[in-house]
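Along the sequence shown, residues are numbered consecutively beginning with 1. Fair warning: this is a prediction, and the values are worked out from it, not measured in the lab.
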Amino acid sequence: MSTVRRAVIALVAVTGLALTACGPTEDDAAGGAGGSTASPKKSATPSEPTAPSATPDKDSSGSTDGSSPDPDYDVFPCSTFDVKVTATLAEPTTSSYLLKITNKGTKACKALGHPVVTFGDLDGQATERGEAPTIEDAIRLEPGESAYAGLMGGIDDGTGKTVDSIAVTMNTESDLEQTPAKASTPGLYVSPDHNSVTAWMGNAEDALSL
């Protein structure tokens, strides 16, 4: 075989290989003939931000819904500005009087501890008799409601004096200045060693039984 013929055969072979390499593959042909094509990726849609849950404001009582966990949190001690005071003779022998206070205001108040009782123009005040409830357990007086205390002047032993009125001041556990409430007590004998007064009670019987 001549040299020229060998060169032609080699050129034809190389050309065939080149055409084969550039032709479509089976996979490409399948895709072009109706095979599935990869759909473009959809851009992610950002989710809407979640609104933060609203935290209800707390009121002065510490409650979140407006209700008070302590029904007495805004009830203040009764003063003489809030109550009307009366005194009624209960037992002449011991010069015992029933003291009564009535809430004359428009809001509830608490009758704390013992009343502070002074006798006419005599010095000193009535001795506290018996224990008093705690502030939490003190009597709550709604408008128009009453509380009671038992006042005893003592048996006439010749050492005391008689007065016709007393002055009552309420215990407020504060330095609130009050105007003493006066009550008439005709013939009240006051023994210097045996006078006393109970704490405020919810009923007259308890006040006079101590």
Side-chain angles (χ1 to χ4, degrees), residues 70-157 159-210:
D70 178 7
D72 293 333
Y73 85 96
D74 60 346
V75 178
F76 296 95
C78 300
S79 72
T80 54
F81 301 108
D82 305 308
V83 298
K84 176 184 177 181
V85 180
T86 60
T88 304
L89 181 62
E91 173 53 56
T93 305
T94 56
S95 288
S96 294
Y97 275 78
L98 177 67
L99 304 184
K100 176 182 178 182
I101 56 171
T102 302
N103 184 350
K104 63 181 181 180
T106 58
K107 295 182 179 180
C109 65
K110 278 194 166 187
L112 303 185
H114 296 73
V116 179
V117 181
T118 57
F119 302 99
D121 57 357
L122 301 181
D123 294 332
Q125 63 188 50
T127 302
E128 293 181 355
R129 182 168 82 248
E131 296 184 356
T134 63
I135 294 178
E136 292 75 14
D137 295 330
I139 299 172
R140 172 179 173 140
L141 297 180
E142 298 292 340
E145 292 184 342
S146 300
Y148 306 86
L151 174 66
M152 184 172 66
I155 298 175
D156 186 352
D157 57 4
T159 62
K161 293 183 177 181
T162 300
V163 298
D164 292 328
S165 66
I166 59 173
V168 178
T169 304
M170 301 297 294
N171 178 1
T172 63
E173 294 290 334
S174 71
D175 56 0
L176 175 68
E177 293 186 7
Q178 303 175 62
T179 301
K182 292 186 177 181
S184 177
T185 55
L188 171 59
Y189 181 82
V190 181
S191 169
D193 299 322
H194 300 98
N195 67 80
S196 60
V197 66
T198 69
W200 293 113
M201 304 286 181
N203 60 74
E205 290 75 12
D206 288 343
L208 293 174
S209 63
L210 291 179

(request) Applying salt bridge (Lys or Arg N to Asp or Glu O under 4.0 Å), name anything that partners Glu142, two or more places apart in sequence or on another chain. (result)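 Glu142 satisfies salt bridge (Lys or Arg N to Asp or Glu O under 4.0 Å) with Arg140 only.
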Taking all heavy atoms of [X] and all of [Y], pick out the closest pair and write down the distance.
X: Met170; Y: Gln178; answer: O-NE2, 2.8 Å
X: Ser95; Y: Leu188; answer: O-CD1, 3.4 Å
X: Ala149; Y: Pro115; answer: CB-CG, 4.0 Å
X: Ala126; Y: Val197; answer: CB-CG1, 4.0 Å
X: Ala111; Y: Ala138; answer: O-CB, 3.6 Å
X: Ala108; Y: Pro143; answer: N-CD, 4.1 Å

(message) Strictly distance-based, threshold 3.5 Å: is any side-chain N or O of Thr80 a donor or acceptor partner for the main-chain N or O of Thr179?
(response)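 Looks like yes, one N/O pair under 3.5 Å.
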(request) Kindly say whether Glu136 contributes a backbone atom to a donor-acceptor pair with the side chain of Lys110 at under 3.5 angstrom? (result)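 Here the side-chain-to-backbone pair exists.
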Enumerate donor-acceptor pairs with a distance under 3.5 Å from any side-chain N or O in residues 203-210 to protein atoms, sequence neighbours excluded.
residue	atom	partner	partner atom	Å
Asn203	OD1	Glu205	N	3.3
Asn203	OD1	Asp206	N	2.8
Asn203	ND2	Asp206	OD2	3.0
Ser209	OG	Glu205	O	3.2
Ser209	OG	Asp206	O	3.0

Sequence neighbours left out, what passes side chain to side chain donor-acceptor pair (under 3.5 Å) with [X]? Give chain and number order.
X: Glu91; result: Thr93
X: Thr118; result: none
X: Thr94; result: Ser96
X: Ser174; result: Thr172

(request) Could you tell me whether the side chain of Asp82 reaches within less than 4.5 Å of the side chain of Leu141, counting heavy atoms only? (result)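 With C-beta onward as the side chain, the pair stays apart.
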(request) Kindly indicate whether the side chain of Leu112, heavy atoms from C-beta on, has any atom under 4.5 Å from the side chain of Ile135. (result)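 Heavy-atom side-chain distance check passes, below 4.5 Å.
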(request) Any disulfide bond (SG atoms under 2.5 Å apart) involving residues 174-210? Give me the pairs, sequence neighbours left out, ordered by first then second residue. (result)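 Sorted pair list comes back empty.
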(message) I need the full list of disulfide bond (SG atoms under 2.5 Å apart) pairs touching residues 97-135, with sequence neighbours left out, sorted by first then second residue.
(response)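 Residue pairs with at least one partner in residues 97-135: Cys78-Cys109.
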(message) To the closest 0.5 Å, what do you measure between NE2 (His114) and CD (Glu131)?
(response)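 Interatomic distance, His114 NE2 to Glu131 CD, rounded to 0.5 Å: 8.5 Å.
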(request) Drop me the distance from Leu99's CG to Leu151's CG, to the nearest 0.5 angstrom. (result)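 The CG atom of Leu99 sits 5.0 Å away from the CG atom of Leu151.
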(request) Output every pair passing salt bridge (charged side-chain N to carboxylate O under 4.0 Å, His left out) with a member in residues 159-183, not counting sequence neighbours, ordered by first then second residue. (result)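 Passing the test, one end in residues 159-183: no pairs.
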(message) Under the rule for side chain to side chain contact (heavy atoms under 4.5 Å, CB included), what residues qualify as partners of Pro192, not counting sequence neighbours?
(response)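 Side chain to side chain contact (heavy atoms under 4.5 Å, CB included) list for Pro192, sorted by chain: Thr159.
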(request) Inspect the surroundings of CD1 in Ile155 and state if more than 12 heavy atoms from other residues, nucleotides or ligands are less than 6.0 Å away. (result)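 Check fails, neighbour count at 12 or below.
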(request) Might you confirm whether atom CG of Asp137 has over 12 heavy atoms from other residues, nucleotides or ligands at distances under 6.0 Å? (result)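 Yes - once you tally the heavy atoms of other residues, nucleotides and ligands closer than 6.0 Å, there are more than 12.
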(request) Only pairs at least two apart or in different chains count here, so list each side-chain hydrogen bond (donor to acceptor under 3.5 Å, both in side chains) that has a residue in residues 186-199. (result)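 Sorted result for residues 186-199: Arg129-Ser196, Asp156-Tyr189, Asp157-Tyr189, Ser191-His194.
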(message) Under the side-chain hydrogen bond (donor to acceptor under 3.5 Å, both in side chains) definition, can you give me all pairs with a residue in residues 97-108, not counting sequence neighbours?
(response)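 For residues 97-108, and leaving out neighbouring residues, the side-chain hydrogen bond (donor to acceptor under 3.5 Å, both in side chains) pairs sorted by first residue read Thr102-Ser146.
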